[in-house]
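This report concerns only the one structure given below.
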Amino acid sequence: MPLKFPNVVAELNLVSTLALLNFASGYRVPLHVATGRGAYDNIRALLFSFYLTSAEGSGADNLLSAKGMVTITRNKVAELMNIPIRQEKPVPGMPGIVMSEVGGPLLELVDLVASTLVETGQILLNGGYPDLGTFVLEALNEAKREADKSGTTPLVPSEVILERLVKAFPAFQDMYLINEAPVYIFKKALLLIHTIVLRFETSKAVPIPDTGTLPVFADNVLPSMLVHLGVIDLSECTVGSLKGILLDSKDQLNAFLSSAPVPGDAPGANKAPPKEGPHLSKEEAFVLRASAVDACELIVEAAHSIVVPEDEEKQAWLRNIKLPQLDGWLWAVAKDRLDYRSLERFVETATVFY
């Protein structure tokens with residue numbers, strides 16, 4: 001991030017809070033209409049605003065501190081995100097007269113952001129932590145102590161950090177019961193652990209987690225892309241309304257699997273707001289996201305099983321590709337390739353998990 005930090009904990013705090021608020025995918029279309037940006041870019045801009053308008057230290061005038069988090073209001077979030085939460089409605093029986101009232105397609109999102117920050121801030125205060133970064137650093141150090149006991153690797157076990165995050169904060173408890181069996185996704189917590197590696201691996205300013213066995217970070221992008229690309233087949237799915245959603249023709253599928261079109265000729269090149277995808281229930285969304293986790297496991301297994309001649313350096317990456325790398329590639333092409341970016345993605349609102 002293009003910001004200057006007074007210390008490592010301040011940077012870790014911003015990275016951790018960004019992971020905490022890394023949701024809003026269900027409001028992608030209204031966010032594009034209101035701001036011209038997608039969900040993640042809006043949340044990232046909000047974190048920039050928090051940082052740039054806050055004082056240093058752990059007082060209430062630092063909105064990224066625990067004391068600052070508990071003061072966050074609906075109006076403050078809407079102001080910093082620069083999105084409307086009021087709408088004008090005609091007054092019945094009075095032609096030409098309108099009345100402004102709280103509402104609109106983004107009010108629910110604003111309330112989710114505010115309530116998540118207040119809830120997390122209160123948990124941190126109750127635990128004696130000045131901010132989320134301090135909590136995460138403590139979890140990293142705890143994991144390091146576990147690693148030091150075994151002495152087998154300089155990397156620290158990710159599961160220690162994951163357990164601390166999930167047990168402490170409801171906003172990281174991305175799990176659900178389907179047919180009485182638990183389904184664990186933990187998208188935001190796992191992505192935070194991976195982000196710590198990407199950000200601090202060179203400097204070694206904090207203990208570095210071992211992310212070699214992490215699954216993908218399943219949101220709505222990965223499963224939607226895997227359906228569009230023909231990897232996940234929903235044509236005979238019996239769960240809720242999932243049967244046949246996001247189904248494309250064979251011609252469309254062939255186009256998606258071919259080289260990227262010339263930017264000026266690609267659908268969506270005019271930067272129009274994306275088309276809203278099918279709305280799913282919580283159970284339907286969890287089934288589809290869990291399917292993406294399994295599908296990506298199979299993709300990586302298949303890649304590792306391909307026999308690549310030693311002299312074929314261009315294909316050597318197949319032998320070593322890991323799930324976070326596959327996740328990063330799918331997410332990047334979904335955003336950067338224009339014909340992919342215009343594809344529908346499934347929608348789940350009222351969730352703080354992705």
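The basis for the numbers below is simple: all heavy atoms, side chains too, and nothing from hydrogens, waters or symmetry mates.
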Are there over 12 heavy-atom neighbours, none belonging to K275, within less than 6.0 Å of that residue's NZ?
no

Under 4.5 Å between side-chain heavy atoms, hopping through other hydrophobics if needed: is there a path connecting V307 to I299?
no

Step-by-step side chain to side chain contact (heavy atoms under 4.5 Å, CB included) determination, I208 to V156
CA-CA 6 Å; I208 302 302; V156 304; 5.9 Å; no

Pick from T351, I43, L112: which one makes a side-chain contact (heavy atoms from CB on, under 4.5 Å) with F23?
L112

Look at the side chain of S224 and the backbone N and O of V221, then say whether any donor-acceptor pair between them is shorter than 3.5 Å.
no

Atom CG in L165, atom OG in S16: separation rounded to 0.5 Å?
7.5 Å

Closest approach of L330 to C296 (non-hydrogen atoms, all atoms of both residues):
CD1-SG, 4.2 Å

Flag the pair V347 / L280 as yes when at least one side-chain heavy-atom distance between them is below 4.5 Å, and no otherwise.
no

Under a 3.5 Å threshold, yes or no: a donor from one side chain and an acceptor from the other, between S241 and E284?
yes

Inspect the contact between R341 and D339 and indicate whether a charged nitrogen and a carboxylate oxygen are less than 4.0 angstrom apart.
no

Quick one: do the N126 and Q122 side chains pair a donor with an acceptor below 3.5 Å?
yes

Looking only at the side chains, is there a donor atom on one of S158 and D210 sitting less than 3.5 Å from an acceptor on the other?
no

Quick one: CD1 on I232 to CG on L226, what's the gap to the nearest 0.5 Å?
4.5 Å

Decide yes or no on side chain to side chain contact (heavy atoms under 4.5 Å, CB included) for L288 and L234, but give the supporting numbers first.
CA-CA 9 Å; L288 198 47; L234 297 176; 4.0 Å; yes

N/O donor-acceptor pair under 3.5 Å between N62 side chain and G57 backbone
yes

If you draw the axis of the six-membered ring of Y354, does the NZ or CZ of K187 fall within 45° of it and under 6.0 Å from the ring centre?
no

Tell me whether the count of non-hydrogen atoms from other residues, nucleotides or ligands lying under 6.0 Å of CG in N254 goes above 12.
yes

Spell out, yes or no, whether L323 and L298 are grouped together once hydrophobic residues are joined by side-chain heavy atoms under 4.5 Å, including indirect joins.
no

F135 ring center within less than 6.0 Å of F169 ring center
yes

Show your working on side chain to side chain contact (heavy atoms under 4.5 Å, CB included) between E108 and T349 and close with a plain yes or no.
CA-CA 9 Å; E108 184 176 61; T349 56; 3.7 Å; yes

Give the minimum heavy-atom separation between P105 and P30, together with the two atoms involved.
CB-CB, 4.0 Å

Minimal non-hydrogen separation, A255 against R337, with atom names:
O-NH2, 3.3 Å

Is there side-chain contact between I97 and P90, with heavy atoms separated by less than 4.5 Å?
no

Measure the shortest side-chain to side-chain distance between K188 and D174 over non-hydrogen atoms and say whether it is less than 4.5 angstrom.
no

If we count only N and O atoms by modelled type, under 3.5 Å, do the side chains of T73 and N75 hold a donor and an acceptor together?
no

Check: D219 side chain, L222 main-chain N or O, donor-acceptor pair, under 3.5 Å:
yes

Do K167 and Q173 have side chains that approach each other closer than 4.5 Å (heavy atoms only, starting at C-beta)?
no

Note: R74-D111 ion pair, threshold 4.0 Å (strictly below)
yes

Under a single-linkage definition using a 4.5 Å side-chain heavy-atom cutoff for Ile, Leu, Val, Met, Phe, Trp and Tyr, are V70 and V110 assigned to the same hydrophobic cluster?
no

State whether the side chain of H228 and the backbone N or O of D248 hold a donor-acceptor pair below 3.5 Å, judged by distance alone.
no

Hey, what do you get for NZ (K144) to CD (E142), rounding to the nearest 0.5 Å?
13.5 Å

Would you call V9 and T134 a side-chain contact if the rule is heavy atoms closer than 4.5 Å?
yes

When rounded to the nearest 0.5 Å, the distance separating CZ of F217 from CG of N22 is 11.0 Å

Could you tell me whether the side chain of D131 and the main chain of L64 form a donor-acceptor pair under 3.5 Å?
no

Counting N and O atoms only, with roles assigned by atom type, does the side chain of S49 sit under 3.5 Å from a partner on the main chain of A45, one being a donor and the other an acceptor?
yes

Could you tell me whether the side chain of N42 and the main chain of G38 form a donor-acceptor pair under 3.5 Å?
yes

Test of ring centre spacing under 6.0 Å for Y176 and Y184:
no

For R44 and D41, run salt bridge (charged side-chain N to carboxylate O under 4.0 Å, His left out): C-alpha distance rounded to whole Å, both residues' side-chain angles, the deciding distance at 0.1 Å, then the answer.
CA-CA 5 Å; R44 184 171 56 178; D41 287 340; 2.9 Å; yes

Criterion side-chain contact (heavy atoms from CB on, under 4.5 Å) against T211, the qualifying member of H194, E201, K322
H194

Under a single-linkage rule joining Ile, Leu, Val, Met, Phe, Trp and Tyr whose side-chain heavy atoms are separated by less than 4.5 Å, which residues share a cluster with V160?
none

Between the side chains of E276 and R28, is the shortest nitrogen-to-carboxylate-oxygen separation below 4.0 Å, so that they form an ion pair?
no

Minimum heavy-atom distance between R86 and S100, given as atom pair plus value
NE-OG, 2.9 Å

With a sphere of 6.0 Å drawn around CD of Q252, does it hold more than 12 non-hydrogen atoms of other residues, nucleotides or ligands?
yes

Any side-chain heavy-atom pair from S291 and V227 closer than 4.5 angstrom?
no

Between E138 and R164, does a salt bridge (charged side-chain N to carboxylate O under 4.0 Å, His left out) hold up when you go through it step by step?
CA-CA 10 Å; E138 181 181 270; R164 287 288 305 272; 2.7 Å; yes

Could you tell me which non-hydrogen atom of Y129 sits nearest to which non-hydrogen atom of A66, and how far apart they are?
O-CB, 3.6 Å

Are the charged groups of E348 and K282 less than 4.0 angstrom apart, N to O?
no

CG/L80 to CD1/I83 distance, rounded to the nearest 0.5 angstrom?
10.5 Å

With a 4.5 Å cut-off on side-chain heavy-atom distances among I, L, V, M, F, W and Y, is there a chain of contacts connecting V29 to L338?
no

Heavy-atom side-chain contact between M175 and F186 under 4.5 Å
yes

Would V33 end up clustered with Y27 when hydrophobic side chains under 4.5 Å apart are linked, directly or stepwise?
no

So, does S54 use its side chain to make a donor-acceptor pair with the main chain of L63 at under 3.5 Å?
yes

Begin with the C-alpha distance, continue with both residues' side-chain angles, and end with the deciding distance and a verdict on side chain to side chain contact (heavy atoms under 4.5 Å, CB included) for M69 and T120.
CA-CA 8 Å; M69 283 181 174; T120 302; 4.3 Å; yes

So, the side chain of R345 versus the backbone of N220: is there a donor-acceptor pair under 3.5 Å, distance only?
no

A34 and L106 have their tightest heavy-atom pair at CB-CD1, 3.8 Å

Can you find a heavy atom in the side chain of V239 that is under 4.5 Å from one in the side chain of I178?
no

Taking atom OG1 of T17 and atom CZ of F50, what is their separation to the nearest 0.5 Å?
9.0 Å

